[in-house]
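By convention here, the first residue in the shown sequence is residue 1. In listed order, ligands and their atoms are each counted from 1.
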Amino acid sequence: MGRVYNFSAGPAVLPEEVLKEAAADMLDYKGCGMSVMEMSHRSKMFQEIIDEAEANLRKLMNIPDNYKVLFLQGGASLQFAMIPMNLMKNHKADYIVTGQWAKKAFAEGKKYGDCVAVASSADKTFSYIPDCSDLPIREDADYVYICENNTIYGTKFHTLPNTKGKTLVSDVSSCFLSEPIDVTKYGLVYGGVQKNVGPAGLVIAIIREDLIPDELPESVPTMMQYKVHAENGSMYNTPNCWAIYICGLVFKWLLRNGGLEAMKERNEKKAKILYDFLDQSKLFKGTVEPGSRSLMNVPFVTGNEELDAKFVKEAKAAGLENLKGHRTVGGMRASIYNAMPMEGVQALVDFMKKFEEENA
Ligand SMILES: *Cc1c(COP(=O)(O)O)cnc(C)c1O
């Protein structure tokens with residue numbers, strides 16, 4: 001069997017070119033006689049891999065010099081704790097709760113200080129992004145936290161919240177490198193890479209240097225201190241070498257393909273094919289308010305659970321995999337990350353048309 005169109009929310013599709021490159025390098029990376037998985041992280045060869053990855057990420061995202069790029073472990077979920085542990089000086093933070101991941105981060109934050117949900121879209125099953133232009137942000141809040149693209153519900157902040165001068169912290173796991181962002185608008189922007197960038201188990205945190213605390217309470221584990229990772233070039237301990245290498249290949253792939261401006265244009269075109277179909281379909285319905293729609297994760301339903309299950313099953317048989325929606329939303333979800341080709345989205349829409357005719 002060949003490759004399928006994989007609509008998984010994460011771990012998710014990676015560029016075929018990158019997988020082939022990694023396969024070709026597998027046994028003997030650049031003539032060194034071993035794979036990247038087998039080499040010392042202290043070797044010159046690996047230092048070049050991580051340095052080049054960082055340099056290319058800086059180029060792609062136009063990251064200013066006063067920001068550190070950290071390659072960390074524990075996934076995005078460990079950041080839910082690391083953020084309050086490192087950034088809470090007043091022990092107060094304001095969270096905008098737009099889905100499961102924001103909710104989890106909020107719950108974790110509460111373990112370390114006084115956290116308040118200043119906005120939420122829980123009233124309508126997280127199907128929209130609330131108006132964040134004038135929120136009751138507290139005077140002494142250490143930061144305002146958002147999950148910028150809500151992987152499960154398929155919503156995206158198209159305008160960043162007005163934080164009233166407070167530090168913005170953003171989880172961009174599922175929209176990482178899908179379009180250009182202005183890094184200077186964030187104090188800390190981070191993402192688990194397994195949605196749009198690379199293999200699971202690596203999270204990239206981009207943090208403004210002045211936010212990295214010099215001193216933390218004794219009880220904060222060494223591995224949970226941004227300072228330790230920043231001072232050791234993300235190699236205080238053995239990093240996720242393999243994931244860093246693959247991300248490095250993806251960064252080069254992005255640069256070869258026009259960078260983030262080109263990605264945005266392509267992602268908008270891809271998403272439009274699907275949303276345009278959903279907007280006129282008599283069977284399928286998108287679940288998100290049009291103004292809050294994500295370019296990356298597109299949930300939809302037929303309104304009939306049996307029919308949803310039939311669709312997922314038949315789609316799989318047709319080579320369109322992982323379309324089942326998240327257990328909390330039901331229905332279907334198509335994740336159409338950077339590496340999903342236009343043809344994949346077109347094949348999905350063609351299949352939906354056919355299914356609609358057959359099940360009218
Ligand atoms: C998947 C996801 C996470 C959790 O990532 P892990 O690496 O599994 O911890 C957090 N936030 C968002 C937005 C996600 O999509």
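For the 3.5 Å distance criterion, the side chains of Y128 and D123 qualify, holding a donor opposite an acceptor.
Between E108 and K111, at least one side-chain N (NZ, or NE/NH1/NH2) sits under 4.0 Å from a carboxylate O, which counts as a salt bridge.
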Give the intermediate values and the outcome of side chain to side chain contact (heavy atoms under 4.5 Å, CB included) for residues I152 and R333.
-> CA-CA 8 Å; I152 295 171; R333 171 178 49 172; 4.0 Å; yes
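Within the structure, every pair that satisfies the side-chain hydrogen bond (donor to acceptor under 3.5 Å, both in side chains) test and touches residues 68-82, not counting sequence neighbours, is listed here: Q79-Y226.
Annotation: ring-ring contact (aromatic ring centres under 6.0 Å, His included) contacts of F176 (sequence neighbours excluded): none. Every residue meeting the side-chain contact (heavy atoms from CB on, under 4.5 Å) condition with N267, not counting sequence neighbours, appears here in chain and number order: S178, M263, K270, L295, M296, N338.
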Atom pairs, nitrogen or oxygen, ligand 1 to protein, under 3.5 angstrom:
unit_1   : atom_1 : unit_2 : atom_2 : d
ligand 1 : 7 (O)  : A76    : N      : 3.1
ligand 1 : 7 (O)  : Q194   : NE2    : 2.9
ligand 1 : 8 (O)  : Q194   : NE2    : 3.4
ligand 1 : 9 (O)  : A76    : N      : 3.2
ligand 1 : 9 (O)  : S77    : N      : 2.8
ligand 1 : 9 (O)  : S77    : OG     : 2.6
ligand 1 : 11 (N) : D171   : OD2    : 2.6
ligand 1 : 15 (O) : T151   : OG1    : 2.4
ligand 1 : 15 (O) : K195   : NZ     : 2.5

